[in-house]
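In listed order, ligands and their atoms are each counted from 1.
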Amino acid sequence: MTYGDVTALDDPVGSSLRGHHAHLGRRLGRAATYVPGVATFSAVPADAEAADWADLAQLLGGGRFADLFSCTATPPSDWEPVFVLDGRQMIGPHDGPVEPTDVVELGAADVPEMLDLVTRTEPGPFWPRTHELGTYLGIRDGGRLVAMAGERLRPPGWTEISAVCTAPEARGRRHARRLIGALTARITARGERPFLHVAESNTGALALYERLGFESRKPVTFRGFRTP
Ligand SMILES: CC(C)(COP(=O)(O)OP(=O)(O)OC[C@H]1O[C@@H](n2cnc3c(N)ncnc32)[C@H](O)[C@@H]1OP(=O)(O)O)[C@@H](O)C(=O)NCCC(=O)NCCS
């Protein structure tokens, strides 16, 4: 597989955990997962066998949540299904606009505000240490965080844009457009391309991403299970 090959996007969690995010994950055999507080995403290969599932169960512990993200392998029957959600994977443009000045970098000190914004907007999973996966950018209005977006999965040659959200009272002011543009500029400047995942039911976000030049690569099914 060459750097930036689209096949890296077939196993975005596993390829991130074997590469850029190795320091934020735990691995056993061919199974891998993020450390608690960063993400609940877990991965096994598409041809996973009983031993791989046993390794993942050992990594996670009994009765724990395993977010298999878009992994196509199906766990043994004693893994309890928790959720199934239709979505799609999209690939972004080759370049982004020059970063506008009202976009600021967010860090550990901003986590309470980031969590509050996520609670109000529900862009998808976000935990206290998720910002350690990459750069998170925000827009403030009168000092208050009203919009953010950041970098999540990092397969070789790619960076996933995630946690895109704008407070309800601040929508329609192109905050999401500027944040995604700023992230795209950073990602493409280091020779990578952006990609993202979105739920099929999230028609507003789909319209936003298509407007910004993202193209569908493939349908995905997000699935979560509880370990035996
Ligand atoms: C989706 C969301 C981030 C958009 O934020 P926003 O700051 O209002 O978006 P912007 O103003 O930057 O919109 C940029 C463009 O996308 C389009 N767009 C944004 N939301 C749209 C919607 N709901 N329906 C149709 N088009 C939309 C706008 O028309 C705009 O086009 P223009 O710049 O050419 O005029 C916001 O509605 C939100 O936080 N939703 C809940 C969280 C969520 O679902 N996040 C995505 C997770 S995958």
Checklist entry - Charged N to carboxylate O under 4.0 angstrom, Asp10 versus Arg217? => result yes
Checklist entry - Any protein heavy atom sitting closer than 4.0 Å to atom 29 (O) of ligand 1? => result no
Item to check | Polar proximity ligand 1 side, Arg174 side, N/O cut 3.5 Å exclusive | outcome: yes
Checklist entry - Who gets closest to atom 4 (C) of ligand 1 by heavy atom: Cys165, Ala176, Ser201? => result Ala176
Item to check | Note, Met90 side chain near Phe195 side chain (heavy atom, < 4.5 Å) | outcome: no
Checklist entry - Looking at Arg211, which atoms of ligand 1 are within less than 4.0 Å of one of its heavy atoms? => result 31 (O), 32 (P), 34 (O)
Checklist entry - Taking 4.0 angstrom as the limit, do Arg186 and Glu105 come out as a salt bridge? => result yes
Next on the checklist: Can you confirm, on distance only, whether ligand 1 has an N/O atom lying under 3.5 Å from any N/O atom belonging to Arg177?
Outcome noted: yes
Checklist entry - Can you tell me if Thr159 and Arg154 form a side-chain donor-acceptor pair at under 3.5 Å? => result yes
Next on the checklist: If you define the side chain from C-beta out and look only at heavy atoms, does anything of Trp158 sit under 4.5 Å from Ile91?
Outcome noted: yes
Item to check | Nearest-neighbour protein heavy atom for atom 2 (C) of ligand 1, which is reported as residue plus atom name and distance | outcome: Leu208 CD2, 4.4 Å
Item to check | Test item: Ser201 and Asp86 side chains (from C-beta on) under 4.5 Å apart, heavy atoms | outcome: no
Item to check | Ligand-residue contact atoms, ligand 1 with Tyr209, heavy atoms, under 4.0 Å | outcome: 46 (C), 47 (C), 48 (S)
Checklist entry - Crowded around Glu169 CD? As in, over 12 foreign heavy atoms under 6.0 Å? => result yes
Checklist entry - Relative to the heavy atoms of Asn202, which atoms of ligand 1 are at a distance of less than 4.0 Å? => result 43 (C), 44 (O), 46 (C), 47 (C)
Next on the checklist: To check your reading of the model: name the closest protein heavy atom to atom 41 (C) of ligand 1, its residue, and the distance in Å.
Outcome noted: Thr121 O, 3.3 Å
Checklist entry - In terms of residue, atom name and distance, what is the protein heavy atom nearest to atom 36 (C) of ligand 1? => result Arg171 NE, 3.4 Å
Checklist entry - Tell me: protein heavy atom nearest atom 39 (O) of ligand 1, and distance? => result Thr166 N, 2.8 Å
Checklist entry - Which residue owns the protein heavy atom closest to atom 47 (C) of ligand 1, what's the atom, and how far is it? => result Pro123 O, 3.3 Å
Next on the checklist: Any salt bridge linking Glu151 with Arg190? Criterion: basic side-chain nitrogen under 4.0 Å from a carboxylate oxygen.
Outcome noted: yes
Checklist entry - Any N or O of His197 that comes nearer than 3.5 Å to an N or O of ligand 1? => result no
Checklist outcome for this item: re atom 21 (C) of ligand 1, the protein heavy-atom contact at minimum distance is Gly204 O, 3.7 Å
Checklist entry - What about the rings of Phe126 and His131, do their centers lie closer together than 6.0 Å? => result no
Item to check | Heteroatom proximity flag, Gly172 to ligand 1, N/O under 3.5 Å | outcome: yes
Checklist entry - Taking heavy atoms and a distance under 4.0 Å, where does Thr203 meet ligand 1: side chain, backbone, both or neither? => result neither
Checklist outcome for this item: shortest atom 25 (C) of ligand 1-to-protein heavy-atom contact is with Ala207 CB, 3.4 Å
Checklist entry - Got the closest protein heavy atom to atom 45 (N) of ligand 1, with its distance? => result Val164 O, 2.7 Å
Checklist entry - Mind checking whether Leu106 and Leu137 have side chains closer than 4.5 Å, heavy atoms only? => result no
Next on the checklist: Below 30° counts as parallel, above 60° as perpendicular, anything between as tilted: where do the rings of Phe83 and Phe65 land?
Outcome noted: tilted
Next on the checklist: Do the side chains of Asp102 and Arg173 get close enough for a salt bridge, i.e. N-O under 4.0 angstrom?
Outcome noted: no
Checklist outcome for this item: Note: ligand 1 atoms sitting under 4.0 Å from heavy atoms of Ala205 are 46 (C)
Checklist outcome for this item: The answer for which part of Arg178 has a heavy atom under 4.0 Å from ligand 1 is neither
